[in-house]
Amino acid sequence: MSDTRKYLRFTVPDRIEHWVQMASFTTLAITGLVQKYATSGLPQKIIELLGGVDNVRIIHHIAAIVMMLGVVYHLGSAGYKFYVRRSLPAMLPSVNDVRAAWQTLLYNLDRIKNKPQQGRYTFEEKFEYWAFVWGTLVMGITGFMMWNPIATTKILPGEYIPAAKAAHGGEALLAVLAILVWHLYNVHIKHLNKSMFTGYLTEKEMLEEHPLELADFKAGRRVRPLDPRALKKRKRVFFPIYGAIAGILLVSIYFFVNFEETAITTVLPAENVVVYAPLTPTPLPTPIPTRTPLPTVSNTWDGGLADLFANRCEACHGATTAISGLNLSTYEGAISGGEKGPVILPGDPDDSLIVIVQSAGNHPGQLSGEELALVRQWIEDGAPEK
């Protein structure tokens with residue numbers, strides 16, 4: 001049998017599409033997995049090599065956009081082949097694929113002597129193709145949810161974001177393992193298939209992997225003559241429809257990328273504050289320091305107790321902090337107490353928790369003796385607000 005005769009397997013556009021998708025997939029796999037395992041040694045080195053995690057995310061997003069554009073092109077390419085050129089939908093699964101998978105299992109177990117004969121695409125190739133389709137859908141949906149978390153949580157509960165992250169990372173790991181174990185073995189280890197490089201397979205390779213397609217070639221059924229007038233008519237129908245669909249998909253990709261800025265960048269930026277202010281020189285001799293006199297207060301909440309609690313207690317028991325549920329920034333909060341119950345019992349300072357805690361000393365917002373005496377007197381007078 002001649003090994004020099006070759007049969008066209010993939011056209012130049014097919015090969016370009018394959019290599020573009022392979023490049024985007026590889027980039028997504030590397031930049032995605034190093035984020036998933038960012039605490040490990042090798043991923044940390046890769047992140048550092050790529051200029052930090054922010055650069056890694058930018059590269060990951062660009063590769064995702066390239067893959068989405070590749071999907072739009074693939075829809076047009078497949079539609080043109082099926083509708084305009086009337087190519088057979090050979091990539092669709094069929095009952096014969098189930099039969100071929102079973103026979104291949106029996107052949108590998110040495111239960112039958114001959115491998116099953118398959119056509120243009122084997123059941124292994126179809127499995128890879130539809131796994132890629134499924135994976136692209138999962139990665140696209142979960143990727144949108146993580147890329148646009150604010151928009152997502154306006155419709156779905158917040159728990160869906162970490163769930164999307166888990167599904168995204170798990171599907172990515174599954175896809176990488178499928179390529180390394182399944183595709184790499186069948187295409188590059190079991191036998192070196194160079195058709196994606198050259199576009200052709202030899203007759204021997206066709207007989208080994210695609211004997212039914214080889215039979216179609218030899219019988220003249222593989223290359224079907226096309227009526228130029230019918231071809232032109234189908235083109236006039238196809239290109240406007242595909243143009244409209246592609247336009248919708250491209251607009252969708254644009255909104256996918258720009259729907260929102262992300263949860264991090266939409267947070268209001270922090271204000272710049274002075275964290276260190278050097279003291280001005282103090283002339284000698286310095287006077288003996290004196291205690292800052294207490295402000296003159298009346299024995300009511302509004303008359304001064306509110307300011308006292310604000311100065312001493314609000315850092316831990318304010319409106320935004322409220323440790324143990326205690327909010328001393330308002331009169332209502334002070335009277336209602338916290339998780340341990342009321343801390344102020346009007347008319348009973350000795351049993352009021354705030355007096356008991358302050359009397360023990362060493363509290364983070366410790367009152368002085370004079371301040372504690374004011375609080376005791378205020379509670380004893382019934383803790384009036386005004």
Side-chain angles (χ1 to χ4, degrees), residues 38-39 145-146 149-166 260-277 279 288-386:
T39 57
M145 294 170 68
M146 292 189 295
I150 297 176
T152 300
T153 52
K154 288 181 179 178
I155 302 174
L156 301 172
E159 292 84 351
Y160 276 68
I161 302 300
K165 180 181 178 182
E260 68 183 40
E261 291 183 348
T262 73
I264 295 177
T265 55
T266 50
V267 174
L268 294 177
E271 296 181 2
N272 293 327
V273 296
V274 178
V275 296
Y276 172 70
L279 296 175
I288 298 174
T290 57
R291 182 178 181 84
T292 303
L294 291 172
T296 302
V297 297
S298 64
N299 200 26
T300 64
W301 177 267
D302 291 342
L305 270 298
D307 294 334
L308 177 61
F309 285 131
N311 292 331
R312 294 294 192 185
C313 309
E314 199 166 332
C316 297
H317 299 290
T320 57
T321 50
I323 294 176
S324 298
L326 177 59
N327 177 13
L328 295 176
S329 66
T330 65
Y331 179 77
E332 293 76 11
I335 296 300
S336 62
E339 295 175 357
K340 297 181 180 180
V343 299
I344 297 171
L345 300 176
D348 188 3
D350 292 332
D351 292 329
S352 295
L353 184 59
I354 191 171
V355 175
I356 295 172
V357 171
Q358 287 289 336
S359 298
N362 297 323
H363 193 70
Q366 183 64 46
L367 302 176
S368 67
E370 296 175 52
E371 292 168 336
L372 182 56
L374 287 173
V375 173
R376 289 181 60 90
Q377 187 61 47
W378 174 63
I379 296 175
E380 188 172 345
D381 292 343
E385 181 179 5
K386 299 179 181 180

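All values below come from the heavy atoms of this structure, side chains included, with hydrogens, waters and symmetry mates left out.
Nearest heavy atoms, M145 versus T152: CA-OG1, 3.3 Å. Minimum heavy-atom separation, L353 to P342: CB-O, 4.2 Å. When all heavy atoms of E332 and E385 are compared, the pair lying nearest together is OE2-OE2, 4.3 Å. In plain terms, the two heavy atoms of G333 and T330 that are nearest each other are N-OG1, 3.0 Å. Across L345 and S352, no two heavy atoms sit closer than the pair N-OG, 2.9 Å. Across all non-hydrogen atoms, the minimal contact from S368 to E371 is N-OE1, 2.8 Å.
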**Prompt:** Can Y331 and D302 be said to form a side chain to side chain contact (heavy atoms under 4.5 Å, CB included), step by step?
**Reply:** CA-CA 9 Å; Y331 179 77; D302 291 342; 5.9 Å; no
**Message:** Set out, in order, the CA-CA distance, both residues' side-chain angles and the distance that settles side chain to side chain contact (heavy atoms under 4.5 Å, CB included) for V375 and L308, then state yes or no.
**Reply:** CA-CA 9 Å; V375 173; L308 177 61; 3.9 Å; yes
**Request:** Could you walk me through whether L326 and I354 pass side chain to side chain contact (heavy atoms under 4.5 Å, CB included), step by step?
**Result:** CA-CA 11 Å; L326 177 59; I354 191 171; over 6 Å; no
**Stepwise side chain to side chain contact (heavy atoms under 4.5 Å, CB included) test for W378 and I344** = CA-CA 10 Å; W378 174 63; I344 297 171; 3.8 Å; yes
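Distance SG/C313 to CD1/I323: 11.5 Å, rounded to 0.5 Å.
Taking the six-membered ring where tryptophan is involved, the planes of H317 and H363 are essentially parallel, since the angle between them stays under 30° and well short of 60°.
The side chain to side chain contact (heavy atoms under 4.5 Å, CB included) with S359 is formed by just one residue from the set D350, L372, L367; it is L372.
A donor-acceptor pair under 3.5 Å is formed between the side chain of Q366 and the backbone N or O of Q358.
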